[in-house]
Structures are given as structure tokens and as C-alpha cells.
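Accompanying notes for the structure given below.
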Amino acid sequence: MEHNATTSRNAATASTTVSVRPSLQLGSRESRICFLSGGGTAGDVRPLISLALALRARGFDILFVGDEEYKSLASSAGISASEWFSFTEAPQGFMLRTTAGQRWLWEMRPRLRDYWIRQEFDRESRRRIAAFWRLLSHSHASRIVAAVGSISAHTMLFGFGPSCAKIISCPMPYPPSKHFTLDPPDFSFFQRLKARRERRRTKSNTERFCKELYHLVSASSAVFPRPGDWLPNMQVTGYIPFDGNATESSPPGKLVSFLGKGPPPVYVGFGSVPFLFGRWGERLAKEIITGCRRRKLRCVIQSSDLSDSFGSEDVFILDSNVSHAWLFPQCSTIVFHGGYGTLHTALVARRTVIIYPFHSDEFLWATRMGELGVGPGFTARVRDISAAQLERDLAFVLTEDCQMNANRLGSAVESEHGLHVQVAAVESIIEHTSRGRGDPLDWQMPRLE
């Protein structure tokens, strides 16, 4: 993948702590910011929670709209019940563990009953979103100075008025560019042709999306330098870490004992996506364990869906939410689906990575890790993991050269201050909008001191 060099201003955002505040006194309890996480995984929600808490500390009132799946996560992090609104009643994880959800995860042809189940979930989501708009209309909507959403909530952003700053904040680099693609590398000729036709069909909507919203990509510029053909309202800010101390349990004694009884194990996990659920998940787990054993490597598999019967002297099944920042430095390499939150933690821990993607930006991160020399690149999708493929990928990442590359990249990623950069950017955007200069294309990323 080709990337233009970042501008000097963008380079500064990667290494400078923000001390600038816009001249307008924005942060007050008379100013509210809505955070819209939409669907997505925990990796999409956690950076938004961190950003919401940071802006609340700056004096803003907040309202967080998210999936019921992450209500307890937000509460544990410090978002109160009055600051939370669930746009679903059934957690996302429940839907993904239905037969319809599992067939979607494993990219199988949907059945008629699958369509019906998904329509029921969609109907419930629409009902709750309508309730959200009614809530806003009765709770001083004029106080809302900004709406900050993940990419999956972008359509809701257009529902806010012209005086409200509309911002997308997420780790996925979704704005189009000639310098990268989110298309899977294994797309066939006809799939690529279909994707190009779809982009042409939606070109006008894409242009509105790009020009009328502000786009803050919370990825590391060391991993994803800002493309030179992006508009001024599209910036790469660095990753927003999530303080999980209040939401993660202490390491189980059995895990501590397992780690101490042998060489560093391979970590395997797929975040909040239940790929290890049911019979397909069990088959996947067997392939992973076999691949590790062929390399004579121990492994820790994080999943609340696998039974203890998969555990053994060389396999530990971790069914609790343990800090990755604590666990990853004690592992030899990290195997996962490519969620950016896990990727960031792995790089900060100076660990090599093997990414088996499922959709969207996960394919990009797999490719980028290959280009940066800290992983084998894209070799297989989650659904196609085999013991033989994992064995080959493990042989690649456990080399000295690969580890040296991980050390260099991890040092660059760790030096960034993504949360501070985004706080300054959001406040600058609010000021830009409130003073009648509402065109996102006229906005400039604030200079940092």
C-alpha cells in the first residue's frame, strides 16, 4: 500500500501533548455532546467512551447512545445511567449467537428465517432510535453542540441541526483514497467489479458524507499515515486508549500459574465477536490448537464460549476479561481478527501479530502488518483458518527480524497522544461550527503546543 508522507502538522499530533484550548469557553454544563456508537464491536465503543469521559472532564454534558451489549462496560468506566441510552433491548452478542447471526459471521448463504430474525432486530433498533429522537426533542436539544459517532452511526449524524458539529471518530480509515483500499485482497475479479460499480452508484452520497462531516480517524500515524489526497476535514489523530482498570478482572490465579510454567504462549482471541461459539467455533478452536502444537507452542485462547474440555497442559482457556496490556507482554505473538484496539495493544507490547480478518478495515490492518514486517500479511480469513496455515504464519512471526520490526513500530505507536489530540480537535470543530464557519472544508486541524 502506498502512502504519502504526513504533513508536519499531522506529525506533530503523533508526538505532542495538547495544551491548547480554543479561545471560546465551550465546556459548560449548558453544552451537551451526544456520542453515538451505533453497532460495531467493543473496539469501536471503547475509544468513544474514553473521548466522552475526557470531554466531560473538560466541562461538557454528555449523552452516550450505544448497544445494550456495552451498557455495563460504559457504567464501569464511569458513564452514569442518566448519561446512557440503549438503542437496542437485546444485546448484539445475543443476536450473533443465534443461528442467523452465526451464519452471517461464517459468511454462509442466509435462509428465509434468517432474514426474518434480522428484520425483527432491525425493527426493534428503529423503534429505539425513534425513542432517542423523541428524548432529544424533550431534553433541550438546543444545548447539543456536537454529535460524535462511530462509522456505523453516520446516518444518524445528519439528523442533527446545522448548528451542531457532526463528527465521526473511529479507528477505521474509511474516507476514500487512491492510496489504500478496504476491499479484501482475496476478492475475485467479479467481486472487485461489483464493488467498483457500487462505489459509482453511491458516489453522490459518498461526496456528501465526506464533505459535510468531520472525520477523525483514531489510528496511529505510524501504522496508517494520513493520505495526501484527503480533504482538510479528514485527519489521523493517533489511537484513543481505554482505561480498563475498572472494567477488567484481576488475572485468574490459574492463568498466572500457566504463564509461569513454561515459555511465553501464543495469544488467540477474537474480541467481542463470538467466532468460537457453537460447533463451527469448536472446529476453529481445534485447528488453532493443532497449529500451535505442530510448532510445539503453548497457547492462551480467550473465549467465554469454549468449554473447559479444550484446556490442557499446553492450552489455557481464558473465559474472563483480563487486561491485554498486562497479558500481551507475557505472550510470544498475538493471533486475532484485526480489531484496531487489540492491534494497538499488541504493538505497544512490542509483539508480532497474525491477523485473520472478517470484514472492513481488518483486511487493511492485516495487509499493513505484512508491509511493516510485523506479521505475515493477509493469509486467510477467520472462516478459513487451518492448522497448516497457522503453523506457517507462526514460523514467520517468531523470527528475529519480525520481532525487531515489532520493537521499532511499537516504540513509535506508544509515543502518540491520540486522546489529547482528539479532545483538541473536537473543541476546535465545535468552535468552528458555533461561530458560523460551519463548512468542514474550511476547518484546519489545531496546531499543538
**Prompt:** Any side-chain heavy-atom pair from Val268 and Leu276 closer than 4.5 angstrom?
**Reply:** no
**Request:** Search all heavy atoms of Ile144 against all heavy atoms of Cys34 and return the closest pair with its distance.
**Result:** CD1-SG, 3.8 Å
**Asked** Who pairs with Arg196 by side-chain hydrogen bond (donor to acceptor under 3.5 Å, both in side chains), at least two apart in sequence or on another chain?
**Response** none
**Request:** Could you check whether the rings of Phe180 and Trp230 sit parallel, tilted or perpendicular, using 30° and 60° as the cut-offs?
**Result:** perpendicular
**Rounded distance (nearest 0.5 Å) linking atom CE of Met445 with atom CE of Met234** = 14.5 Å
**Request:** Provide the closest heavy-atom pair for Gly78 versus Glu83 in the form atom of the first, atom of the second, distance.
**Result:** O-OE1, 4.2 Å
**Message:** Nearest 0.5 angstrom please: Phe242 CZ to His324 NE2, how far?
**Reply:** 12.5 Å
**Message:** Looking only at the side chains, is there a donor atom on one of Ser150 and Asp44 sitting less than 3.5 Å from an acceptor on the other?
**Reply:** no
**Message:** Quick check on the 6.0 Å ring-centre criterion: do Phe132 and Phe87 meet it?
**Reply:** no
**Request:** Determine, stepwise, if the pair Leu343 / Phe336 fulfils side chain to side chain contact (heavy atoms under 4.5 Å, CB included).
**Result:** CA-CA 9 Å; Leu343 174 60; Phe336 64 115; 3.8 Å; yes
**Prompt:** Is Tyr70 close to Ile79 at the side-chain level, that is, under 4.5 Å between some pair of heavy atoms?
**Reply:** no
**Request:** Could you please spell out the steps behind the side chain to side chain contact (heavy atoms under 4.5 Å, CB included) verdict for Arg128 and Glu124?
**Result:** CA-CA 6 Å; Arg128 291 293 295 168; Glu124 172 60 22; 3.4 Å; yes
**Prompt:** Applying salt bridge (Lys or Arg N to Asp or Glu O under 4.0 Å), which residue pairs with at least one partner in residues 336-349 are found, sequence neighbours left out?
**Reply:** none
**Asked** For the residue pair Pro171 and Val217, what are the closest heavy atoms and their distance?
**Response** O-CG1, 3.7 Å
**Item:** Any side-chain heavy-atom pair of Trp280 and Met108 under 4.5 Å
**Value:** yes
**Request:** For residues Met369 and Thr352, determine if any side-chain heavy atom of one lies less than 4.5 Å from a side-chain heavy atom of the other.
**Result:** no
**Item:** Which residues share a side-chain hydrogen bond (donor to acceptor under 3.5 Å, both in side chains) with Arg123, sequence neighbours left out
**Value:** Glu120
**Request:** To the nearest 0.5 Å, tell me how far Ile62 CD1 sits from Leu51 CG.
**Result:** 9.5 Å
**Fill in**
d(Ile355 CD1, Leu364 CG) to nearest 0.5 Å is 9.5 Å
**Message:** Whether the Ser169 and Ser218 side chains hold a donor-acceptor pair (N or O, under 3.5 Å, no angle test) is what I'd like checked.
**Reply:** no
**Request:** Working to the nearest 0.5 Å, report the span between OG1 of Thr181 and CZ of Arg192.
**Result:** 7.0 Å
**Asked** So, for Phe270 and Phe358, is the gap between ring centers shorter than 6.0 Å?
**Response** no
**Request:** Mind telling me whether Tyr340 and His344 have parallel, tilted or perpendicular rings, with 30° and 60° as the class edges?
**Result:** tilted
**Message:** Does Glu69 form a side-chain hydrogen bond (donor to acceptor under 3.5 Å, both in side chains) with Ser272? I'd like the steps, not just the answer.
**Reply:** CA-CA 10 Å; Glu69 177 93 1; Ser272 55; over 6 Å; no
**Asked** Can Ile288 and Val266 be said to form a side chain to side chain contact (heavy atoms under 4.5 Å, CB included), step by step?
**Response** CA-CA 10 Å; Ile288 290 169; Val266 174; over 6 Å; no
**Prompt:** Do Val421 and Gln235 have side chains that get closer than 4.5 Å, going by heavy atoms?
**Reply:** no
**Message:** Going by side-chain contact (heavy atoms from CB on, under 4.5 Å), Tyr267 matches just one of Val335, Ile334, Ile301. Which one?
**Reply:** Ile334
**Heavy-atom closest pair, residues Asn233 and Leu213** = ND2-O, 2.6 Å
**Message:** Would you say Arg408 and Asn405 are linked by a side-chain donor-acceptor pair, where the criterion is simply a distance under 3.5 Å?
**Reply:** yes
**Message:** For Tyr174 together with His154, are the ring centres under 6.0 Å from each other?
**Reply:** no
**Asked** Is the centre of the Phe35 ring less than 6.0 Å from the centre of the Trp84 ring?
**Response** no
**Residue pair Leu182 / Asp361: nearest heavy atoms and the distance that separates them** = CD2-CA, 3.9 Å
**Prompt:** Using 30° and 60° as the class limits, which term best fits the ring planes of Phe316 and Phe258: parallel, tilted or perpendicular?
**Reply:** tilted
**Pairwise distance OG1(Thr202) to CZ(Arg200) - rounded to 0.5 angstrom** = 10.5 Å
**Asked** Can you tell if the side chain of Pro440 reaches within under 4.5 Å of the side chain of His432, non-hydrogen atoms only?
**Response** no
**Complete:** Residues passing the side-chain hydrogen bond (donor to acceptor under 3.5 Å, both in side chains) test with Asn407, sequence neighbours excluded, are Gln403
**Request:** Output all residues satisfying side-chain hydrogen bond (donor to acceptor under 3.5 Å, both in side chains) with Ser220, sequence neighbours left out; order by chain, then residue number.
**Result:** Glu416
**Asked** After noting the C-alpha distance and the side-chain angles of Arg97 and Asp305, does the key distance pass the side chain to side chain contact (heavy atoms under 4.5 Å, CB included) rule?
**Response** CA-CA 10 Å; Arg97 287 175 173 82; Asp305 294 316; 3.0 Å; yes
**Message:** When you compare the side chain of Pro252 with that of Asp319, does any pair of heavy atoms fall below 4.5 Å?
**Reply:** no
**Message:** Show the nearest heavy-atom pair for residues Ser82 and Leu63, with the distance to one decimal.
**Reply:** O-CD1, 4.3 Å
**Asked** Do Pro227 and Lys178 touch side chain to side chain, with heavy atoms closer than 4.5 Å?
**Response** no
**Request:** List for me each residue that meets salt bridge (Lys or Arg N to Asp or Glu O under 4.0 Å) alongside Arg199, sequence neighbours excluded, and say none if there are none.
**Result:** Asp183
